[in-house]
Enquirer: 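Take a look at this one; I'll ask things after.
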Amino acid sequence: MSSNQPLLCEPDLVPPVIIHHRRRSGSRISFFEEPTAVTPSTAEHHQEVVLAKDRSFRSAFSNNNNTNNSSSVSVLSASLTEFQNPDLRFPLECPTQERGRLRSWGAMELHDANTAPFEISVPSSAPAATSTARRIRHKSVQFDEELLHEDSARLIYINDPKKTNDKYEFTGNEIRTSRYTFITFLPKNLFIQFHRVAYLYFLAIAALNQLPPLAVFGRTVSLFPLLFVLCVTAIKDGYEDWRRHRSDNNENNRESLVLQSGDFRSMIWKRIQAGEVVKIFADETIPADMVLLGTSDPSGLAYIQTMNLDGESNLKTRYAKQETASMVSSEVCDVSGIIRCEQPNRNIYEFTANMEFNGIKFSLSQSNIVLRGCQLKNTDWIIGVVVYAGQETKAMLNSAASPSKRSRLEAYMNRETLWLSIFLFIMCMVVAIGMCLWLVRHKNQLDTLPYYRKTYLNNGPYKGKKYKYYGIPMETFFSFLSSVIVFQIMIPISLYITMELVRLGQSYFMIEDMDMYDPSSGSRFQCRSLNINEDLGQIRYVFSDKTGTLTENKMEFRRASVHGKNYGSSLVTTDDSSAATAVIPKRRWKLKSEIAVDPQLMTMLHRNSNRDERIAAHEFFLTLAACNTVIPILTDGGFSGCGTSESNGYVECIDYQGESPDEQALVSAASAYGYTLFERTSGHIVIDINGEKLRLDVLGLHEFDSVRKRMSVVIRFPDNVVKVLVKGADTSMFSILANVSESNSSLLHATQSHLSEYSSQGLRTLVVASRSLSDAELEEWQSRYGEASTALTDRATKLRQTAALIECNLNLLGATGIEDKLQEGVPEAIESLRQAGIKVWVLTGDKQETAISIGLSCKLLSADMQQIVINGTSEEECRNLLGDAIAKYAVRCSSRGHQNLKHKTNAEHGTLDIPNCSKSMSLPKWNLGKEEGADTPLALVIDGNSLVYILEKELESELFDLAISCKVVLCCRVAPLQKAGIVDLIKSRTDDMTLAIGDGANDVSMIQMADVGVGICGQEGRQAVMASDFAMGQFQFLKRLLLVHGHWNYQRVGYLVLYNFYRNAVFVLMLFWYILCTAFSTTSALTDWSSVFYSVLYTSVPTIFVGILDKDLSHRTLLQYPKLYSTGYRQEAYNMQLFWITMLDTVWQSLVLFYTPLFTYKDSSIDIWSMGSLWTIAVVILVNVHLAMDINRWLLITHIAVWGSVVITYGCMVILDSIPVFPNYWTIYHLATSPTYWITILLIIIVGMLPRFICKVFCQIFWPSDIQIAREAELMRKRHNRLQSRHQGSS
């Protein structure tokens, strides 16, 4: 995938603009001078500048073969209308959302915005007011001349921070990522924690227990569970925030040199203010967002690395304006003036401002600003003025975390919690009504019955007055509230802490899994979100990027079509081939990695051959070497063979730093064929052509954008000839070639044939062309170029119009084919995912042929699949194509009125799996019978241009109908927001879980839209990783992540939730039966501490260890039989049916718990506290035996946790019964000496567990699940291996 696919683009992006006077050969002139050809109307406006290099070039076309940027969805005319009409724009900070489900599309602004904006547009004829099109537009914060003089603009007085800050009170440079302070920690943390409704419930319970009529438990004891949970969470949050404070202090106390009283003096970062002039040396970090005033390079050039900002390690260029650069030296900075800039915003790829300096006003752009967090590289020093500091810097504005996601199972858990609340209400109502009836029945006996008095009977001042009796209605109400307090743990408060600890433990083992460690990049698996571990076991759809995700994104130049001839079929390295060496002249340069070359092409370049063919080849490789923004880095022996004297002379090492792997591959290939780019400045490049240096002046550069889909550079040769060199996507290049003559026609057809061949092989293709410019054309272009490049509004539109002047009538030179190899293990991983019932969809920006070829090689597509291709160019055509496909393959939905209902597709076929509770509804019925054979699998191939009309119009239901009936969906040339739209199409119309995986900035919106987002630590930075929930080094690890860890996590957490419901419910129901037998008095036979410790201490530890360590199947079995994964998305481990079965089992066990001791000790003199002690021990042993019956994998620590909790319970009972003030004093000592006590506990366990045991045995024998069958096979295999090893040992 290409990181150059923009997630959020600005309409006024400006490429490097370098305007030269036309000059004679050999003359020297500064490229910062004004153009000579300027009309009078524009001369005054442009007298101050002719250079406005808005930003370093980000080669969008190369990273995605320039067809990658499917922002081609934009229609040029519509785009121009959008740009020219400010009323159609929307603020950058608040992206528009006309449909709620598009709310997150493009919301991530930490991205590459180097291409022009794309839109999902409707035809211009449609009325804007009534259009139903969903548009996502982003407006860069632009300033025209009037706007920059308004109060909304920010004024920065250079080297005068006092005047700057006195007027506007800008923030200082101190940053704070911490959430709390010492004073605000307690109230703020409590406020955040009480966002959980369950905590409010337990707070209300504790508050009720403080009232005298409702004091069922001790007032202190009732607070303990809630305080325990709050304290544990607060300690965790406090520790995390302390680490943030420590990091902030280290950052704020770093030092930089600041201009003070004419000298540069050291100052800590947090004291730097807007307006101050700062000096940065090589390899130092930028402390604030600064406009460059000067650099150590005479032309004002500086190189920065933005890894800390966007994760990209490639160097980027920034420039100081020549007007200020000439006034700055290493020790002197005699610059004063005013900068008017936009207000702080999150877009790190755009900056709009003006500077007034020495009476001249000129524009500033992205290429003139360096951002906080970047590092200075390959430049001795820079000097700049701070415009944004501290929390207003772009880095800090982009520091917001990705949207939090909620586990699907946790949402289901809340549904069951609601049912438990209903049970709780019913039990409390039963107790209250029973109390009311009992009081009515005994109202005349209340003064003589135990525990009730209407009046004081004792002599004294209160004799005859009411004695804690409030009448039957109030007593009934108090009975209801008291019951709520007694039964409070029916809602398991400990479940929240248990789930957090279990997820933390699961994450630890996922991170430590060395089978998901990538040695090539040294990256481990990362868990960036702890909330959705179990969702990994329920995935139904995987949406994957291609480049860098399925492929390595390490480009290698493989094929070339030059002047109609095909080269590259037999490649050799220069070191290994004597044939190649024979035609290669002495080389001075050595690349970091050896490039394979074609000996025939080498021979044609370096020996006498057809003149036209050789000239075309010369310009072909010259274009590859010149039409880019790659930075050559000369190294001193950085890799083998450098700096050594060989037979061919002294060899120098050279490496290329580029923002696109494609560009690096093309420039490296040109060097391998003898065209070595080894010097680049802001105004010229130098190319070594077979030992001869060629200096070319760069007059201007038109960057790649998603409308043009090409890049061009205007260069002047030493003989004063000016040429435009262009490379781009075939779809955009063939339309601007010169009129086809008979000779050119054969060349064009040959090149097109070669391009088709390259695409079928999975190569990324580009077309190369050039032409000479006449003096008149050059003058007109320079005039228009200078005007467009310095425009403060509609800059990108004007630059596209200017580029159209020279990007026409081109002479075709040839085409290139670059290989992006599949990552290791990708075909096997995709095949396993498909066997698991997971549908894999690939969403890529590559052209259709390339994507299909990669799909075949990675086993996503197969030869027996029937491909359905949707390549529409209009709404009507897309409608017809979809309709024809649906009709041809009999894909239909009988009820369109319900197409917005969520429905769940069956894992194995296209029928609907309708829940029992909703079968009476008029739901759609599907018939996926296919006319061309019922067993023929379908594959849908659709391009981004078609998605413009499908996602814009009311065609989504047709696309959905067709897509879910296909085994494979392949989307080509899609834009980032279209990727999110495809994910949302499935997410909003089904209940299936979705996972998106990608490696670049253009995958961020897709990753955030999906239920689970996975980032690949690849070649394109870390934007995808930073926005993801999980991150890993290679796509093949997704197989283990889902099939093994996802399965384990889902099975564990599903059982954990059900077990916690059971554990608490059996305890509450035991108390309920007791209250029914004690005149509904809400008294308890258990001590207060026993009730509190039950869920917090006695039974919680075993569930944590089982939730982390238990494994129903080994990883080998799960990988060997991928279909076992389907138990997750079929919800076999946690569903409503299991919940009700668990509740029925709970009722039975609670009855056994209560009545077995009651009947055993019926005629004895045992007191109620002794009975309560027996119930406490019995319920703890029972629930632990219940847990032990379900454990699949016994470890030593599991034994310690399960049986240790029983020992701990006995220990606590002994301690509590040894305290004289407690009513249960010494009861355990009397009970433990009686055999009846132990027999009763054994009887409870046997009778309570018997129905469950019988059901498990019958189910496993007669109706075994897939997991049970696999587990038996696994155990038999282990037993067989053990016997075999014993036999071999004995023999």
Enquirer: Looking at Y758 and A560, would you say the former's side chain and the latter's main chain have a donor-acceptor pair under 3.5 Å?
Expert: yes
Enquirer: Quick one: does any side-chain atom of R540 pair with a main-chain N or O of L995 as donor and acceptor, under 3.5 Å?
Expert: no
Enquirer: Can you check whether R558's main-chain N or O pairs, donor with acceptor, with E819's side chain at less than 3.5 Å?
Expert: no
Enquirer: Could you tell me whether E831 and K859 have a side-chain N and a carboxylate O separated by less than 4.0 Å?
Expert: no
Enquirer: Holding to side chain to side chain contact (heavy atoms under 4.5 Å, CB included), I want the full list of residues that pass it with S507, two or more places apart in sequence or in another chain.
Expert: M510, C527, L530, N533
Enquirer: So does K987 get a backbone contact from the side chain of T990, meaning a donor-acceptor N/O pair under 3.5 Å?
Expert: no
Enquirer: Quick check against the 3.5 Å criterion: does K839 have a side-chain atom that pairs as donor or acceptor with the backbone of I964?
Expert: yes
Enquirer: Residues two or more places apart in sequence or in another chain: which of them pass ring-ring contact (aromatic ring centres under 6.0 Å, His included) with F543?
Expert: W841
Enquirer: Quick check: do V542 and I539 have side-chain heavy atoms less than 4.5 Å from each other?
Expert: yes
Enquirer: Is there a donor-acceptor pair under 3.5 Å between the side chain of T549 and the backbone N or O of K546?
Expert: no
Enquirer: I need the minimum non-hydrogen distance between G1015 and S1028, along with the two atoms involved.
Expert: N-CB, 3.4 Å
Enquirer: If you apply the rule side chain to side chain contact (heavy atoms under 4.5 Å, CB included), what do you find for M711 with K727, and how did you get there?
Expert: CA-CA 6 Å; M711 172 190 181; K727 64 180 181 182; 4.2 Å; yes
Enquirer: Looking only at atom types and distance, does a side-chain atom of R408 sit under 3.5 Å from a main-chain N or O of D991, one as donor and one as acceptor?
Expert: yes
Enquirer: Please name the pair of heavy atoms, one in Q538 and one in G1128, separated by the smallest distance, quoted to 0.1 Å.
Expert: CG-O, 3.7 Å
Enquirer: For the residue pair V502 and G1107, what are the closest heavy atoms and their distance?
Expert: CG1-O, 3.4 Å
Enquirer: Using the side-chain hydrogen bond (donor to acceptor under 3.5 Å, both in side chains) definition, which of the options D984, D535, D1011 pairs with T994?
Expert: D1011
Enquirer: State the CE-CG distance between M865 and L940, to the nearest 0.5 angstrom.
Expert: 12.0 Å
Enquirer: State which residues pass side chain to side chain donor-acceptor pair (under 3.5 Å) with D1110; sequence neighbours excluded, sorted by chain then number.
Expert: N1192
Enquirer: Taking ring-ring contact (aromatic ring centres under 6.0 Å, His included) as the test, write out the residues that go with H1045, two or more places apart.
Expert: W1048
Enquirer: Any Lys/Arg nitrogen of R1052 or E534 sitting under 4.0 Å from an Asp/Glu carboxylate oxygen of the other?
Expert: no
Enquirer: Suppose we screen for salt bridge (Lys or Arg N to Asp or Glu O under 4.0 Å). Which residues come up paired with R559, at least two apart in sequence or across chains?
Expert: E757
Enquirer: Of the non-hydrogen atoms in A939 and L861, which two are nearest, and what is the gap between them?
Expert: CB-CD2, 3.7 Å
Enquirer: The test is side chain to side chain contact (heavy atoms under 4.5 Å, CB included); show your working for I838 and L1042 and say whether it passes.
Expert: CA-CA 10 Å; I838 299 173; L1042 297 184; 4.0 Å; yes
Enquirer: May I ask you to check whether N531 and S407 show a side-chain donor-acceptor distance below 3.5 Å?
Expert: no
Enquirer: Might you point out which heavy atoms bring A1270 and L1113 nearest each other, and give the distance in Å?
Expert: C-CD2, 3.8 Å
Enquirer: Please tell me whether Q823 and T551 have a donor and an acceptor in their side chains that are separated by less than 3.5 angstrom.
Expert: no
Enquirer: Counting only heavy atoms from other residues, nucleotides and ligands, does the tally under 6.0 Å from OH of Y656 exceed 12?
Expert: yes
Enquirer: Would you call R1271 and D1112 a salt bridge, using N to O less than 4.0 angstrom?
Expert: no
Enquirer: So R1130 and D1266, salt bridge (charged side-chain N to carboxylate O under 4.0 Å, His left out) or not? Walk me through it.
Expert: CA-CA 12 Å; R1130 291 203 301 256; D1266 294 341; 3.5 Å; yes
Enquirer: Could you walk me through whether L947 and I870 pass side chain to side chain contact (heavy atoms under 4.5 Å, CB included), step by step?
Expert: CA-CA 9 Å; L947 289 175; I870 307 294; over 6 Å; no
Enquirer: My understanding is that only residues two or more places apart in sequence, or in another chain, count here; which of them pass side chain to side chain contact (heavy atoms under 4.5 Å, CB included) with R524?
Expert: E512, M514, Y517
Enquirer: Run C971 and V842 through side chain to side chain contact (heavy atoms under 4.5 Å, CB included) and show every step you take.
Expert: CA-CA 6 Å; C971 300; V842 174; over 6 Å; no
Enquirer: How close do Y1129 and S1126 get, heavy atom to heavy atom, and via which atoms?
Expert: OH-CB, 3.3 Å
Enquirer: Does any N or O in the side chain of E1274 come within less than 3.5 Å of the main-chain N or O of S1114, such that one atom is a donor and the other an acceptor?
Expert: yes
Enquirer: Has the side chain of E552 got a donor or acceptor atom that lies under 3.5 Å from a matching backbone atom of E824?
Expert: no
Enquirer: Can a side-chain donor-acceptor contact be found between S756 and S759 if the only test is distance below 3.5 angstrom?
Expert: no
Enquirer: For E663, is there any backbone N or O sitting under 3.5 Å from a side-chain donor or acceptor partner on N628?
Expert: no
